[in-house]
Amino acid sequence: MNKHLFQFIALARQHRVAAALLFLLVFPFLMPYDALSVNILIFGLYAVGFNLLFGYTGMLSFGHAAFLGVGSYLAGITVVHAGWPWWAAILAGVAASSLVGLVIGFLAIRTRGIYFSMVTLALGQIVYYVFYKADHWTGGENGLRGVKVEFIDLPGISINFLDPLNKYYVIYVFVALALWFLSRVLSSPFGAVIEAIRENEKRAAACGYDVARAKLLVFVLSAGICGLAGTLRALHLSVVPIDSLHYLQSGQAVMMCLLGGMGTFFGPFVGAAVFLYLEDVVTNLTRYWMGVVGIVFMVFVLFFPKGLWGTLLHQLERWQGRQGGAA
Amino acid sequence: MLDISPQLFALQLMTGIALGAIYALLAIGLSLIFGMLTVVNFAHGAFFMVGAFLGVHFLGITGNFWFSLLLVPLATGAIGLVCERFLVRPLYGRGIDYPLLLTFGLSYVLIDVMRFAFGIEGLPSSTPAALRGSVSLGFGHFPLYRLFLIGATAAIVLALWLFIEKTRYGLIIRAGSRDPEIVRVLGIDISRVWLLVFGIGTAIAGLSGLLAAPTRAVNPEMGIPILAESFVVTVVGGMGSLPGAVVAGLLVGIVFAMTSLVAPEYAELSIFVLMAVVLLIRPQGFFGKAGLMS
Amino acid sequence: MSSTPILEVRHASRFYGKFKALSDVSVSFRAGELTAIIGPNGAGKSTFFNVISGGVPPSAGQVLFQGQDITGIAPHEFARLGIAKSFQITNVFKHLSAHENVRVALQMQTTRFQLLRPRSHYRELIERADTLLARVGLQACRDKLAGDLAHGQQRSLEVAMALACEPKLLLMDEPTAGMSPEETLVMMELIRRLAQERTVILVEHKMKMVMGLCSRLIVLHHGELLVDGTPEEIRNNAEVKRVYLGQG
């Protein structure tokens, strides 16, 4: 029995994208209501983008809300102010967030370690204040309203985007693309460079790698993925709240990533699911959600730093090792 | 060019210095904790907020501002001691990000604890009776309280400098920040030192909150932008540097105040732009990289 | 034979505040030599090593590689130029396997920014990594985590990684540090073989080891160049004796 289980796990790990997508395909049927599933999918993608920088490369950014927010706002602005179709809005959002990622990354990478976390937080706040002030375009304090995409028109069919389940599967397509891309990058030679940098930056430089350049590239990729999550969020909510850009939103990515399991492929989704499900339950019981999540987060930092998924994987590996089971 | 009289300019400069004093205190607390423990206290803004709340609360109970001035830093320092001992210390071997993450979670808890204790609206705060009114500075009238702020901060900075530079315990702190091994070899319990420094750092944060309370709205969210602003000061001045914290704090305060004069909507943005510029030309900050206090 | 020295250090100094770690040191190395930098503790050996390997730029003076001024260039440029180093304190990727360690080092030459093709497709890299591992005698430990290897094996792994960029100049900082006598002999033999194909500069404080191994010794003392000569010359030099025996 065990042997089959191990074989199954090995297969899933080898084809991690397919395994993840298969699970996400049926996910809505496991959740109490579809809007929650959509939220989890979107924020899972956000956490995945963040995880690329934090879990895989070891750079703790506290400014990733900037990319989520810029993605949302640019998608929203192109729809509201320029009447662009949904697909162009998504492209605009991803392009804009990648560009912002380039600029912020360039400035932030000049600093190291903990300094980096402080600097990214502060740079993210610049984006927040800029968008706050540009209220003609962004709606300022009230956020951007009226991002109405009711129908997804593809050649041949018109999907009713207002139906939550439809929404889920449209967004699912984009998440699938992003996960496939991420998996390719991680398995590529560049993926090894990322790992080397996380393991031992000095060593990587001694091997000849331009660490700053590599970090910048990862930063931009991470920003793009988070930007994609942002565009999808804008289309989902039909509004873009100004708080999307605030560092507390960045903190949410950090929390989801740690809760789920940083440096694992599927961990961020688990983290997003746990976080949002918990929020849903707790806010119905008490108004002190912030305190609850703070305590939960601290418990994880202290006792379960690998996160739920990471701990599970780790225990499976140990169990497998003891059983002498092999793939 | 805008119509600003020299008197208005000078008064606004003074306002900037008063604001800068608070920033300097915040940055000193952050730098102390970072220099000694290599921990960036992401709960620093929250401790500031707790200090403000406790300050208003004690003032309300006792009616005595000077008493609060003494009690509040002791209180926030004590909370800091407990947090270091039980929450931060277990994480020291792990990796530089973990204490940071923990303090971030801690900030969330502190915010909701204050909401629970004092309500979500916050508390009304006013200038203590003895310090109300304004003083004539020659070029205009300036609020007495703000003058007090500047003076109090200068006194605190001086006291801290004397403690660090001239006392035996201060020497241990300076030595410890440069070489924890040596301190251990000398038979000093380094963890006691860390505990104390964290406590001093949070005490200063609480004190700055108390001092700032009469000048702004006291609510559970007040520490949130403060955290970002203290990071700006730290980047500009250089992490782990006392003179850097003071100079950068004053500079940031003045930049904010002067921008408020000519382009008020861009005041908050201006200090972040200052930080971005410093990052471009001198990423380690003006006084950056040096040891704890040099 | 080329008259340009492969490495030339001109009046290099390195200050840390008022402390002169290295003071006006000038020395040149010809291609193919096996040289050791020796000296008592605090002589400036590590600083000298850092200056010629990119760890730290000199405060004054120049470093030239094959006639080209490389003073103050970024650390990652050194490997690209053909200067490889192994660290004094073992510095490998602890959570990667020995094979992966070497492959990361090899990748630098060809595919560093390749984003989309899986690593497993690069057959040639995999083979070359295995060849290098065999060179240093680690083929049996191919899939073991570098952090789990014995100390001597980790040092050998570092050498394999250094060889990945096909260096013309190999710099080794105390290559036998912390090794048992048996491991030291193995490393010495490896260094001897490597020196046949390229220029090698060692920093060492094990006198006996370098005496038998190197054709040239450079003695540093208090950051200055004291003596430069053959092992025979060094052995008989009164200054050197004083400096070493005079130490407490």
Side-chain angles (χ1 to χ4, degrees), chain A residues 54 58-60 62-63 103-104 106-135 140 246-248 250-252 254-255 257-259 262 286-303 305, chain B residues 30 34 38-40 42-43 46 83 86-88 90-91 94-116 120 220-221 224-225 227-232 234-235 239 265-273 275-277 279-280 282-285 288:
Chain A
F54 180 43
M59 296 158 74
L60 177 54
F62 257 87
V103 175
I104 291 183
F106 178 75
L107 286 171
I109 282 165
R110 300 164 86 73
T111 64
R112 282 274 167 69
I114 317 172
Y115 233 159
F116 178 80
S117 307
M118 278 177 23
V119 167
T120 46
L121 188 150
L123 288 173
Q125 288 300 96
I126 294 184
V127 180
Y128 173 75
Y129 285 120
V130 166
F131 276 73
Y132 195 104
K133 299 298 174 200
D135 53 5
H246 193 274
Y247 77 75
L248 290 178
S250 303
Q252 194 182 52
V254 179
M255 287 187 170
C257 208
L258 191 115
L259 285 173
M262 37 188 213
T286 168
R287 62 159 71 138
Y288 300 111
W289 160 240
M290 221 173 164
V292 170
V293 82
I295 291 173
V296 169
F297 185 63
M298 288 199 288
V299 165
F300 269 75
V301 170
L302 283 164
F303 304 115
Chain B
L30 256 183
F34 177 81
T38 326
V39 170
V40 180
F42 264 57
C83 292
F86 295 108
L87 298 175
V88 182
L91 298 169
R94 279 233 218 127
I96 52 171
D97 291 332
Y98 286 94
L100 185 163
L101 290 171
L102 185 113
T103 54
F104 183 67
L106 178 64
S107 70
Y108 273 45
V109 175
L110 287 173
I111 290 175
D112 256 358
V113 166
M114 288 295 115
R115 283 194 186 122
F116 180 74
I120 56 172
E221 293 77 30
I224 293 173
L227 185 71
E229 287 155 23
S230 12
F231 286 168
V232 168
T234 307
V235 172
M239 191 53 128
E265 326 86 58
Y266 295 106
E268 291 143 324
L269 196 54
S270 65
I271 62 174
F272 287 96
V273 171
M275 184 197 73
V277 169
L279 269 177
L280 265 175
R282 199 182 154 86
Q284 69 269 39

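Sequence lines set the chain letters: A, B, ... in the order given, protein chains first and strands last, and positions in each chain run from 1. Side-chain atoms are counted along with the backbone in the values below, which use heavy atoms only and exclude waters and symmetry mates.
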Next item on the list: Compare all side-chain heavy atoms of A/Ser250 with those of A/Leu121 and state whether any distance is below 4.5 angstrom.
Entry: no
Item checked: Option that, when pairs with chain B are counted at under 4.5 Å, heavy atom only, ranks first among A/Tyr132, A/Phe297, A/Phe300, A/Tyr128 -> A/Phe297
Note to self: With a 4.5 Å cut-off on side-chain heavy atoms, are B/Val39 and B/Leu91 touching?
What the structure shows: no
Check: Is there side-chain contact between B/Met114 and B/Glu221, with at least one heavy-atom pair below 4.5 Å?
Finding: no
Check: Can you tell me how far the OG1 atom of A/Thr286 sits from the CZ atom of B/Phe116, to the nearest 0.5 Å?
Finding: 9.0 Å
Notebook entry, point to check: Is it the side chain or the backbone of A/Ile295 that comes within 4.5 Å of chain B heavy atoms, both, or neither?
Noted result: both
Next item on the list: Identify which part of B/Leu280 has an atom lying under 4.5 Å from any heavy atom of chain A, answering side chain, backbone, both or neither.
Entry: both
Item checked: Gap separating the CD atom of A/Gln125 from the CG atom of B/Leu269, nearest 0.5 angstrom -> 11.0 Å
Margin query: So which residue, A/Val296, A/Leu123, A/Thr111, ends up with the most heavy-atom pairs under 4.5 Å with chain B?
Written below: A/Leu123
Notebook entry, point to check: If you tally heavy-atom pairs under 4.5 Å against chain A, which of B/Glu268, B/Glu265, B/Glu229, B/Arg115 wins?
Noted result: B/Glu268
Checklist line | Contacting region of B/Thr103 [heavy-atom separation from chain A under 4.5 Å] | finding: neither
Next item on the list: Go through the atoms of B/Leu102 and report whether side chain, backbone, both or neither lie under 4.5 Å from a heavy atom of chain A.
Entry: both
Margin query: I'd like to know which of B/Leu227, B/Val273, B/Ile271 tops the heavy-atom pair count under 4.5 Å against chain A.
Written below: B/Leu227
Notebook entry, point to check: Is any side-chain heavy atom of A/Ser117 less than 4.5 Å from a side-chain heavy atom of B/Leu100?
Noted result: yes
Item checked: Winner by heavy-atom pair count (cut-off under 4.5 Å) against chain A, out of B/Leu87, B/Val113, B/Leu110, B/Ile120 -> B/Leu87
Check: Looking at B/Phe272, B/Phe34, B/Phe42, which one forms a ring-ring contact (aromatic ring centres under 6.0 Å, His included) with B/Phe231?
Finding: B/Phe42
Next item on the list: Under 4.5 Å heavy-atom distance to chain A, tell me which part of B/Thr234 shows up: side chain, backbone, both or neither.
Entry: both
Next item on the list: Would you give the length of the straight line joining atom NE2 of A/His246 to atom CD1 of B/Ile224, rounded to the nearest 0.5 angstrom?
Entry: 6.0 Å
Check: Which one, A/Val254, A/Leu258, A/Val119, leads in non-hydrogen pairs under 4.5 Å with chain B?
Finding: A/Val119
